[in-house]
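Presented below is the structure to which this report refers.
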Amino acid sequence: MGGRTDIRPSEITPEAVWQSRRDWLRRAAAGSLALGLPLGAQADDEGPSGPVLEGAPNPALSIDEPANGWRDITTYNNFYEFGTGKADPSENAGRMRLEPWQVRIEGAVRRPLTLDLDALLRLAPLEERVYRLRCVEAWSMVIPWMGYSLSHLIKHVEPTADARYVVFTTDLQPEAMPGVRAGILDWPYTEGLRMDEAMHPLTLLTFGVYGRRLPPQNGAPLRVIVPWKYGFKSAKSLVRISLQADEPVSSWMSAAPREYGFYANVNPDVPHPRWSQATERRIGTGLFAPRVPTLPFNGYAEQVAGLYQGMDLRRNF
Ligand code: MTE
């Protein structure tokens, strides 16, 4: 990452791309997101591509920091179904079958439903929100995600009193997913949230990035983003959302219970057993840029710390 400063004439951004980036910046400014130039928008960043998604910026739920460029966001990924290298998802995820796509919402609900992607997209207006994604390996990016609060969907299926946890399940397509054969995790990838976390307005059911549909490597066609937690909580390419009474055991918890807990709230005071989590490297700032201090709850403490009042966050990591 970084170090892309030696610009060759062939890398100078073509007019049309420059124009679309300028449009995005104008839209961001209209929404009073004081973003400035996207952080990773080097001259060799070809800019957003893929089908357009319309949505209004939501400055109230956005952070005021320069966003990473399209290239960083779509080529430096974690999606273990496609391999463990950061470039593996962008190289391999294009083989994933994305149509037709349905999501089953079931369990402790009065109206279990199977919805296709269009029905999900019609459920609530899409918003563009600039969130920090902080990964457990101590790097971060700032990303303009597009979606709506997951609470809209949960309310739509009418949870019962037994609905205390929500479980997310990723699609499993072994023929398209070389990483699945490696057996690193119990597939399909599952993750979970407590009901109040899932209903929090910041928890985003995410369909796009930079005004485009999610690229496969970022979890097409829909994923969850929980911005105050480590990135592994934000499961990709969802096919099932299930409400239940008991705390679930996620794929990472069962693979390495000492390293990955259920809560996974970003916490600079609690190191991962194999490394410190006190600072992070911001992707796109260059290899020699200083690391920045990691913020409690990834900078969202004001909005979410109350959810954990009275809990010992060292035990509940
Ligand atoms: N979802 C699935 N299905 N498989 C994965 O390997 N990786 C997680 C999360 N969701 C992962 C996943 C991790 S560790 C991170 S940091 C984020 O996705 C990365 O999201 P991004 O590639 O869009 O930045």
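Every number for a ligand or one of its atoms is a count from 1 in the order of the listing. What you are looking at is a predicted structure, and each value in this text was computed from that prediction instead of being measured. Values below: every heavy atom of this structure, side chains too, minus hydrogens, waters and symmetry copies.
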In ligand 1, which numbered atoms sit nearer than 4.0 Å to a non-hydrogen atom of [X]?
{"X": "Y80", "result": "5 (C), 6 (O)"}
{"X": "W145", "result": "23 (O)"}
{"X": "C135", "result": "15 (C), 16 (S)"}
{"X": "E81", "result": "2 (C), 3 (N), 4 (N), 5 (C), 6 (O)"}
{"X": "F232", "result": "8 (C), 13 (C), 14 (S)"}
{"X": "F79", "result": "2 (C), 3 (N), 4 (N), 5 (C), 6 (O)"}

Side chain, backbone, both or neither: which part of R223 comes within less than 4.0 Å of ligand 1 when only heavy atoms are counted? side chain

At under 4.0 Å between heavy atoms, is it the side chain or the backbone of L133 that contacts ligand 1, or both, or neither? side chain

Salt-bridged, [X] to [Y], with N to O below 4.0 Å?
{"X": "R274", "Y": "E137", "result": "no"}
{"X": "R95", "Y": "E175", "result": "no"}
{"X": "R314", "Y": "D312", "result": "no"}
{"X": "R282", "Y": "E280", "result": "yes"}

So is K236 polar-close to ligand 1, meaning N/O to N/O under 3.5 Å? yes

Below the 3.5 angstrom mark, is there an N/O of Y76, backbone or side chain, next to an N/O of ligand 1? no

I want to check a possible cation-pi pair here: K236 against F168, using under 6.0 Å from ring centre and within 45° of the ring axis as the test. no

Among all protein heavy atoms, pick the one closest to [atom] and tell me residue, atom and distance.
{"atom": "atom 10 (N) of ligand 1", "answer": "S234 O, 2.8 Å"}
{"atom": "atom 14 (S) of ligand 1", "answer": "N78 ND2, 3.4 Å"}
{"atom": "atom 5 (C) of ligand 1", "answer": "Y189 CE1, 3.3 Å"}

Is the distance from the ring center of Y210 to that of W145 below 6.0 Å? no

Quick one: are the ring centres of Y230 and Y260 less than 6.0 Å apart? no

Under a heavy-atom criterion of less than 4.0 Å, does S237 contact ligand 1? no

With T74, which of P216, P89, P215 fulfils side chain to side chain contact (heavy atoms under 4.5 Å, CB included)? P215

Classify the ring geometry of F207 against Y148: parallel below 30°, tilted from 30° to 60°, perpendicular beyond 60°. tilted

My understanding is that we take every heavy atom of each candidate and find the minimum distance to atom 13 (C) of ligand 1. Doing that for A93, A235, G231, which one comes out nearest? G231

Is it the case that the side chains of N265 and W228 hold a donor-acceptor pair, with the cut-off being a distance below 3.5 Å and no angle test? yes

